[in-house]
Structures are given as structure tokens and as C-alpha cells.
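Have a look at the structure below before the remarks.
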Amino acid sequence: MSGNENRDALAGELLAVARALKEQRLNVGSSGNVSARCDDGFLITPSGRLPERCSVADMVWMTMGGVGAGGLAPSSEWRIHRDIYAGVSGVGAVVHAHSLFATALACQRVDIPSFHYMIARFGGNSVRCTAYATFGTEALSKNVLAALAGRNACLLANHGMVVCGRDLEHALAQAIELETLCEQYWYACQPGPLVLLSEEEMAEVLERFRYYGDGAREFKT
């Protein structure tokens with residue numbers, strides 16, 4: 001396929017994932033955004049558009065310098081996506097969602113600790129929550145990069161989640177997994193204090209995850 005055909009095919013995948021996030025109830029309305037690395041830039045969903053009313057042509061291609069091509073404005077969170085591609089190796093796609101349980105925990109501004117061994121899927125013994133910053137700002141992007149150090153997902157304080165993947169399919173799977181863990185953590189906290197896995201127990205899990213399916217350490221920096 002030509003370069004344009006490749007970009008159109010990837011834009012189709014991007015739109016499909018944006019719609020899937022809404023079908024999975026990880027986003028509602030026009031909230032959240034998705035991107036995929038493309039050529040020497042990236043494709044991202046447009047700002048303020050319902051996925052079901054978007055076409056493939058509405059996906060916005062951006063340079064790494066932050067310049068968009070096409071008639072629609074890119075998502076207001078394009079800086080997060082651009083800075084992840086620039087600063088975290090191995091990332092091919094990024095999902096940002098306002099899912100129910102991830103957002104509820106993010107509003108508590110808490111990290112998700114090692115209450116379940118599947119936390120290791122995200123690269124460490126916790127999923128961090130960023131410091132708060134206004135949406136769409138450089139400050140928020142910097143906070144996300146700090147929270148992603150050695151990780152491939154984080155919560156955004158009073159906001160939602162960000163998840164990195166090898167490609168769009170992987171990023172979607174990671175987002176669904178993180179929301180599931182957030183829901184489990186929320187319910188597990190209701191009866192009282194949790195029993196967390198120890199540093200040694202999580203170290204063993206992290207070692208095993210080097211050879212497990214998707215590989216939990218792919219984006220560790």
C-alpha cells in the first residue's frame with residue numbers, strides 16, 4: 001500500500017477503537033481521545049466530536065511539532081500523546097479515557113497499589129496518579145510523563161486514565177484491563193484495609209511478566 005493508503009487504514013483502526021471505548025463504557029459522549037503513531041507524526045481523534053458521528057477522514061494527522069493537518073482541530077490533549085511518543089520508547093498507540101472507576105479513583109488522587117498481581121501488567125508494583133493540572137496544558141503532559149516513568153499507564157488527578165500500547169488493539173486491551181482493576185480495587189476497599197502483595201512477591205510477578213503474553217515491561221524507561 002502507498003503511504004496515504006497506510007494512513008487511511010490506520011485512521012480506520014483509530015476510529016474503530018474510539019467507538020469501541022464508548023461501547024465498552026470507558027468513555028461517554030465526546031470524552032477521551034485515542035492516537036496512533038503514524039509516519040513521522042501521529043493520528044489522533046478530533047476535538048469534541050462524537051465517535052459515532054466521525055468518519056475516517058475526520059481523524060487528524062499531526063507532526064511531532066504539534067501542527068495538525070486537515071479541517072478539524074485535534075483533541076485538546078494532543079500534547080500528552082505527542083510527548084509520550086517523543087519520550088517513551090516502544091509506544092505505538094495511546095488511549096485516554098474518562099472511565100467510571102478510574103476517574104473515581106483519580107478524584108481521590110490515589111495510586112493503585114499491589115492489591116492484585118495483574119497490576120504488574122502496567123510495568124511496576126503500582127499504577128500512579130498524577131498531580132493535578134488543567135486539561136490540555138503542558139503542565140498536565142509533564143505530570144503524565146512523570147507518572148509513566150517505568151510504567152505504561154497512569155491515572156490523571158480529577159480527570160481519568162492514560163494507557164500506552166504497542167498498537168491500537170493492545171492499547172484498547174490495556175485500557176479495559178486497567179478499568180477492570182480500578183473497579184476491583186474500588187470494591188475491595190469497601191470492607192476495610194487491604195492485604196497488599198509484598199515487594200518480593202511483586203518482584204517475582206514482574207519477572208514472570210517478562211515472558212507473559214503482551215509483556216508488562218515493554219514501555220519501562
Side-chain angles (χ1 to χ4, degrees), residues 14 17-18 21-22 26-38 40-51 54 58-112 122-124 126-165 168 171-172 174-175 178-179 182 219-221:
L14 183 68
V17 169
L21 285 166
K22 194 166 185 180
L26 270 69
N27 280 324
V28 296
S30 61
S31 67
N33 35 75
V34 190
S35 72
R37 196 186 289 271
C38 180
D40 55 351
F42 59 99
L43 281 164
I44 191 166
T45 47
S47 177
R49 292 290 182 111
L50 296 170
C54 284
D58 292 330
M59 303 300 102
V60 181
W61 185 79
M62 298 194 72
T63 70
M64 293 300 287
V67 178
L72 295 179
S75 165
S76 59
E77 302 293 7
W78 64 265
R79 288 177 181 81
I80 291 175
H81 297 256
R82 188 272 310 274
D83 291 351
I84 288 174
Y85 293 131
V88 185
S89 63
V91 178
V94 176
V95 165
H96 167 47
H98 295 183
S99 54
L100 178 61
F101 287 93
T103 302
L105 292 172
C107 290
Q108 297 286 340
R109 301 192 186 184
V110 296
D111 297 348
I112 306 174
F122 301 98
S126 67
V127 174
R128 302 186 187 102
C129 184
T130 70
Y132 178 76
T134 305
F135 79 93
T137 62
E138 184 178 356
L140 178 58
S141 183
K142 288 181 178 179
N143 290 349
V144 168
L145 286 182
L148 285 176
R151 303 288 193 272
N152 53 52
C154 67
L155 302 181
L156 281 62
N158 301 88
H159 192 152
M161 69 157 80
V162 165
V163 174
C164 305
L168 284 164
L172 174 61
Q174 291 280 83
L178 180 55
E179 176 64 4
C182 287
F219 311 122
K220 196 165 185 177
T221 55

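Since this is a predicted model, take the numbers as computed values, not measurements. We count residues from 1, following the sequence as given.
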Open item on the list: Applying side chain to side chain contact (heavy atoms under 4.5 Å, CB included) to Ile80 and Leu156, what does each step give before you reach the verdict?
Closed with: CA-CA 11 Å; Ile80 291 175; Leu156 281 62; 4.2 Å; yes

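- The backbone N or O of Ala157 lies less than 3.5 Å from a partner atom in the side chain of Thr130, making a donor-acceptor pair.
- Rounded to the nearest 0.5 Å, atoms OG (Ser31) and NE2 (His98) are 5.5 Å apart.
- Formation of a donor-acceptor pair under 3.5 Å by the Asn143 side chain with backbone atoms of Ala131 is found in this model.
- Although no hydrogens or angles enter the test, the distance criterion places no donor-acceptor pair under 3.5 Å between the side chain of Arg151 and the main chain of Val127.
- Atoms CG and CZ, from Leu72 and Arg49 in turn, are 4.5 Å apart once rounded to the nearest 0.5 Å.
- Nearest heavy atoms, Thr45 versus Ala18: CG2-CB, 3.9 Å.
- Contact of the Val144 side chain with the Asp83 side chain is not registered, since no non-hydrogen atoms from C-beta on lie closer than 4.5 Å.
- Going from atom CG of Leu105 over to atom SG of Cys182 covers 5.0 Å, rounded to the nearest 0.5 Å.
- Here the shortest heavy-atom pairing between Leu148 and Asn152 reads CD2-C, 3.8 Å.
- Put simply, the residue from Leu43, Val94, Val17 that forms a side chain to side chain contact (heavy atoms under 4.5 Å, CB included) with Leu168 is Val17.
- At distances below 3.5 Å, at least one donor-acceptor pair connects side-chain atoms of Glu179 with backbone N or O atoms of Phe101.
- Residue Trp61 comes nearest to Asp40 through the heavy atom pair CZ2-OD1, 3.4 Å, listed as atom of the first residue, atom of the second, then distance.
- When all heavy atoms of Ser47 and Pro74 are compared, the closest pair comes out as CB-O, 3.2 Å.
- With a 4.5 Å cut-off on side-chain heavy atoms, Glu77 and Leu140 count as touching.
- The heavy-atom pair separating Val60 from Gly68 by the smallest distance is CG1-CA, 4.4 Å.
- A 4.5 Å side-chain heavy-atom check between Met59 and Cys54 finds at least one atom pair inside the cut-off.
- Residues in residues 96-111 take part in no salt bridge (charged side-chain N to carboxylate O under 4.0 Å, His left out) pair, two or more places apart or across chains.
- Atom OG of Ser141 sits about 7.0 Å away from atom CZ of Arg82, to the nearest 0.5 Å.
- Separation of atoms CG (Asn158) and SG (Cys107) is listed at 5.0 Å; rounding is to 0.5 Å.
- A donor-acceptor pair under 3.5 Å is absent between the side-chain atoms of Asn27 and the main chain of Lys22, judged by distance alone.
- Side-chain contact between Cys154 and Met161 is absent, with no heavy-atom pair separated by less than 4.5 Å.
- How far CG of Leu155 is from OG of Ser99: 8.5 Å, rounded to the nearest 0.5 Å.
- A distance below 6.0 Å separates the ring centres of His96 and His159.
- Of all heavy-atom pairs spanning Ala171 and Val95, the tightest one is CB-CG2, 3.9 Å.
- Among pairs with a residue in residues 126-140, those fulfilling salt bridge (charged side-chain N to carboxylate O under 4.0 Å, His left out) read Glu138-Lys142, at least two apart in sequence or across chains.
- Of the possible donor and acceptor atoms, one in the side chain of Tyr85 sits under 3.5 Å from a partner among the backbone N and O of Ala36.
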